[in-house]
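What you are looking at is a predicted structure, and each value in this text was computed from that prediction instead of being measured. Lettering follows sequence order; numbering is per chain, from 1.
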Amino acid sequence: MVQKVNATRGMRDFLPAEKARRERALNIIREVYRSHGFTEIEAPAVEDFGRLHSGLGGDNEKLSFSILKRGLTGQDLSDAAAAESTDSLTDLGLRFDLTVPLARYYATNRAQLPGVFRAIHIGPVWRAERPQRGRYRQFVQSDIDIIGEGSALAEAELITATSQALDALGLQDCAIRVNDRRILTELLNHCGFSEEEHAAALITVDKLDKIGAEGVVAELAEQNPEAADEIGRVLARFEQAGATVAGGAPLNAEAIAAVLPEGVASEAAAHLDELAQAVTPGLPAGVTLCFDPTLVRGMGYYTGTIFEIAHPGSGSSVGGGGRYDGMIGRFLGEDVPAVGFSIGFERIMELVELPSSSDAEVVALISDKDLPAFQLLALKRELLDAGKTVRIVWRQKNMKALLSNLAAEGVTHTAAVRAETAGAADLEIRPLAG
RNA sequence: GUGGCUAUAGCUCAGUCGGUAGAGCAUCGGCUUGUGGUGCCGAGGGUCGCGGGUUCAAGUCCCGUUAGCCACCCCA
């Protein structure tokens with residue numbers, strides 16, 4: 001090797017065996033989503049820069065890859081330098097999630113879509129993060145969304161379909177934590193935080209499991225001591241109700257009322273209760289549902305219900321979503337309710353164990369060296385016509401290594417080809433033991 | 001974006017106190033073996049991630065850089 005070559009930072013190559021494993025998992029997920037009445041769409045990886053930076057993507061906007069305009073001149077560069085902004089140099093960007101493109105897609109194609117649209121949207125997204133395990137710069141998200149349904153039916157269908165997909169992948173011990181943005185907003189108002197203080201306060205509350213209630217209160221006291229004291233009392237109430245420990249509080253009206261202060265978010269609580277009643281009876285054994293009043297989620301576009309999938313085998317969340325009723329109105333000029341649920345495909349793949357399926361018969365023709373191509377292709381055609389999958393390899397000295405490599409690559413049978421082999425009838429097709 | 005750890009042959013790794021690199025597997029060749037899983041002998045393959053510096057001498061010490069991993073941050 002002349003020089004070390006790598007795939008681009010944070011992006012990966014997949015060898016055939018891993019690619020096959022990913023495709024199998026993806027097909028399982030698609031199958032479940034389809035059976036729940038969702039239909040698959042595709043949208044471009046590139047979106048308009050302005051749409052990606054409309055303030056809806058939260059922190060992810062800062063992580064997006066931008067694309068330079070074609071044919072920039074030195075004058076363009078000095079203009080940008082004078083304006084101290086690179087915005088004029090860029091007009092497109094790679095999508096950092098599938099939700100913003102879906103909202104744009106819906107606004108574009110609404111006339112040809114059903115009134116309540118159930119979409120499957122699977123594809124790569126890009127974020128310029130610092131990579132590590134379970135965190136890449138290119139990764140696949142697997143989303144389902146329901147557009148045009150404002151009732152808890154939408155959340156219930158999404159959570160049910162996603163739970164079934166996790167179950168079909170063989171995952172156990174998944175916990176779906178649920179909360180509502182309106183609950184968070186009312187809690188902060190109740191404590192006495194001003195609108196401007198909300199964003200920073202939410203980030204702090206989100207750290208509860210890491211820095212504890214004292215840590216949260218101490219951090220918030222820096223900007224608003226009185227409200228921080230009040231939130232300390234609220235958090236104490238959460239703890240008393242068991243809502244802050246793993247597993248959280250049950251998701252029903254009584255438990256929610258027990259956790260929240262008097263008069264806070266009764267509308268949102270009723271919405272959560274309704275969706276829990278619809279979902280719980282059909283929940284697979286490997287998935288539990290709970291109410292977590294401290295669940296925040298960073299995306300700026302959520303307006304109502306929010307949820308997140310946790311799994312003990314993963315340090316970070318393996319999925320998430322929520323209601324974003326305001327976003328489509330940005331593109332369409334008319335508000336349309338919408339909810340989405342995303343599975344973090346890369347993180348799921350680190351948890352699932354899939355059997356190496358493929359019951360198809362894969363035959364390797366092991367040919368003596370230097371047999372003519374016409375002889376080998378004639379044999380291959382005969383076997384293909386008989387419905388087999390065929391691969392041609394040359395005989396090599398170390399048969400042990402050859403055979404075990406073939407087995408690892410999914411070959412199930414072998415047949416020796418010699419100069420005197422006239423047709424498939426002369427082949428002795430033998431099963432290959434791993 | 002911040003901090004820490006790591007980088008040696010195609011792969012997995014060893015390399016002590018600084019003295020210009022080794023093993024196993026893989027590859028290739030010869031012989032052996034019942035031409036389908038054997039055994040023996042031999043060969044090729046490395047500017048030690050990259051770029052600087054210290055030194056008579058650097059894989060080894062120092063600085064920078066790139067990539068991976070880990071903890072933050074954030075999230076899928």
Side-chain angles (χ1 to χ4, degrees), chain A residues 1-13 15 29 57-64 95-99 121-144 162 166 174 199-200 202-204 206-207 210-211 295-300 302 306-311 314-322 340-351 364-371 393-408 411 413-421 427-434:
Chain A
M1 200 190 315
V2 180
Q3 201 183 352
K4 193 103 168 174
V5 288
N6 291 317
T8 302
R9 177 171 167 82
M11 310 194 186
R12 295 165 298 159
D13 294 326
L15 296 175
I29 294 171
D59 275 358
N60 290 332
E61 291 189 9
K62 285 181 269 176
L63 300 172
S64 81
R95 63 188 179 196
F96 50 76
D97 72 6
L98 296 176
T99 306
H121 197 185
I122 298 173
V125 303
W126 292 266
R127 292 181 199 171
E129 296 201 79
R130 185 138 164 188
Q132 56 182 275
R133 185 181 192 78
R135 170 196 264 190
Y136 305 99
R137 293 183 139 196
Q138 174 180 320
F139 58 98
V140 169
Q141 283 193 322
S142 168
D143 281 26
I144 42 177
T162 300
L166 296 173
C174 295
L202 285 177
I203 291 171
T204 306
D206 199 26
K207 296 183 196 165
K210 279 173 196 150
I211 62 180
L295 175 68
V296 174
R297 296 190 55 75
M299 305 300 268
Y302 292 125
I306 47 180
F307 22 80
E308 199 162 278
I309 310 170
H311 189 280
S314 180
S316 33
S317 73
V318 296
F341 204 161
S342 175
I343 290 180
F345 185 67
E346 315 299 341
R347 292 177 179 174
I348 290 288
M349 286 310 294
E350 288 176 10
L351 301 174
L365 293 176
I366 301 180
S367 166
D368 283 355
K369 283 277 173 70
D370 302 326
L371 291 185
V393 298
W394 296 119
R395 175 180 299 284
Q396 63 188 45
K397 173 179 165 171
N398 191 339
M399 286 303 290
K400 181 177 179 177
L402 175 63
L403 295 176
S404 70
N405 285 341
L406 288 176
V411 170
H413 293 74
T414 62
V417 181
R418 310 203 166 86
E420 62 272 24
T421 306
L427 291 173
E428 188 191 349
I429 297 180
R430 297 199 233 167
L432 177 62

Of the nucleotides [options], which has the atom closest to the [X] side chain?
X: A:Ala416; options: B:rC74, B:rG36, B:rA76; result: B:rG36
X: A:Arg395; options: B:rG36, B:rA71, B:rA76; result: B:rG36
X: A:Arg418; options: B:rC74, B:rC70, B:rU35; result: B:rU35
X: A:Met399; options: B:rG37, B:rA76, B:rC73; result: B:rG37

Measure the [atom1]-[atom2] distance between [X] and [Y] for me, rounded to the nearest 0.5 Å.
X: A:Ile144; Y: A:His121; atom1: CD1; atom2: NE2; value: 13.5 Å
X: A:His311; Y: A:Arg347; atom1: NE2; atom2: CZ; value: 14.0 Å
X: A:Phe341; Y: A:Glu308; atom1: CZ; atom2: CD; value: 9.0 Å
X: A:Met399; Y: A:Thr414; atom1: CE; atom2: OG1; value: 7.0 Å
X: A:Asp368; Y: A:Trp394; atom1: CG; atom2: CH2; value: 9.5 Å

Whole-Å [atom1] distance, [N] and [M]:
N: B:rC63; M: B:rG10; atom1: C1'; result: 32 Å
N: B:rU8; M: B:rG15; atom1: C1'; result: 9 Å
N: B:rA9; M: B:rA14; atom1: C1'; result: 13 Å
N: B:rU66; M: B:rG51; atom1: C1'; result: 10 Å
N: B:rU47; M: B:rC75; atom1: P; result: 45 Å
N: B:rU2; M: B:rC73; atom1: C1'; result: 8 Å
N: B:rG45; M: B:rC28; atom1: C1'; result: 11 Å
N: B:rU16; M: B:rU35; atom1: P; result: 48 Å

May I have the distance from [X] (atom [atom1]) to [N] (atom [atom2]), rounded to whole angstrom?
X: A:Arg297; N: B:rC75; atom1: CZ; atom2: C1'; value: 8 Å
X: A:Leu63; N: B:rC75; atom1: CG; atom2: C1'; value: 9 Å
X: A:Gln132; N: B:rG3; atom1: CD; atom2: P; value: 15 Å
X: A:Gln141; N: B:rA76; atom1: CD; atom2: P; value: 6 Å
X: A:Arg12; N: B:rG68; atom1: CZ; atom2: P; value: 11 Å
X: A:Lys207; N: B:rC73; atom1: NZ; atom2: P; value: 6 Å
X: A:Asn405; N: B:rU27; atom1: CG; atom2: P; value: 8 Å
X: A:Glu61; N: B:rG1; atom1: CD; atom2: C1'; value: 17 Å

Taking the side chain as C-beta and beyond, is there a heavy-atom pair between A:Phe345 and A:Ile29 under 4.5 Å? yes
Report yes or no: is the cationic atom of A:Arg12 (NZ for Lys, CZ for Arg) closer than 6.0 Å to the six-membered ring centre of A:Tyr136, at no more than 45° off its axis? yes
For A:Glu308 and A:Ala415, find the nucleotide of RNA chain B closest to each by heavy atoms; which residue's nucleotide sits nearer the 5' end? A:Ala415
If each of A:Arg430 and A:Arg347 is mapped to the nucleotide of RNA chain B with the nearest heavy atom, which maps nearer the 5' terminus, i.e. the 5' end? A:Arg430
Applying a 4.0 Å non-hydrogen cut-off, can you work out what A:Gly321 is touching in the nucleic acid: base, sugar-phosphate, or nothing? nothing
At 4.0 Å (heavy atoms only), tell me whether A:Ile309 reaches a base, stays on the sugar-phosphate, or touches nothing. nothing
Hey, which of A:Asp143, A:Thr99, A:Asp97 is the one that makes side-chain hydrogen bond (donor to acceptor under 3.5 Å, both in side chains) with A:Ser342? A:Asp143
Any chance CD of A:Glu420 has more than 12 other-residue heavy atoms, nucleotides or ligands included, within less than 6.0 Å? yes
Is there a donor and acceptor pair, one atom on the side chain of [X] and one on the base of [N], closer than 3.5 Å?
X: A:Arg135; N: B:rC73; answer: yes
X: A:Arg130; N: B:rG3; answer: yes
X: A:Thr414; N: B:rG36; answer: yes
X: A:Arg127; N: B:rC74; answer: no

Under 5.5 Å centre to centre and under 30° between planes: does that hold for A:Phe345 and the six-membered base ring of B:rA76? no
Does OP1 or OP2 of B:rA67 have a side-chain N or O of A:Arg9 closer than 4.0 Å? yes
Watson-Crick or G-U stems of RNA chain B, 3 or more pairs, under 3.5 Å, by first number: B:1-7 with B:66-72, B:10-13 with B:22-25, B:27-31 with B:39-43, B:49-53 with B:61-65
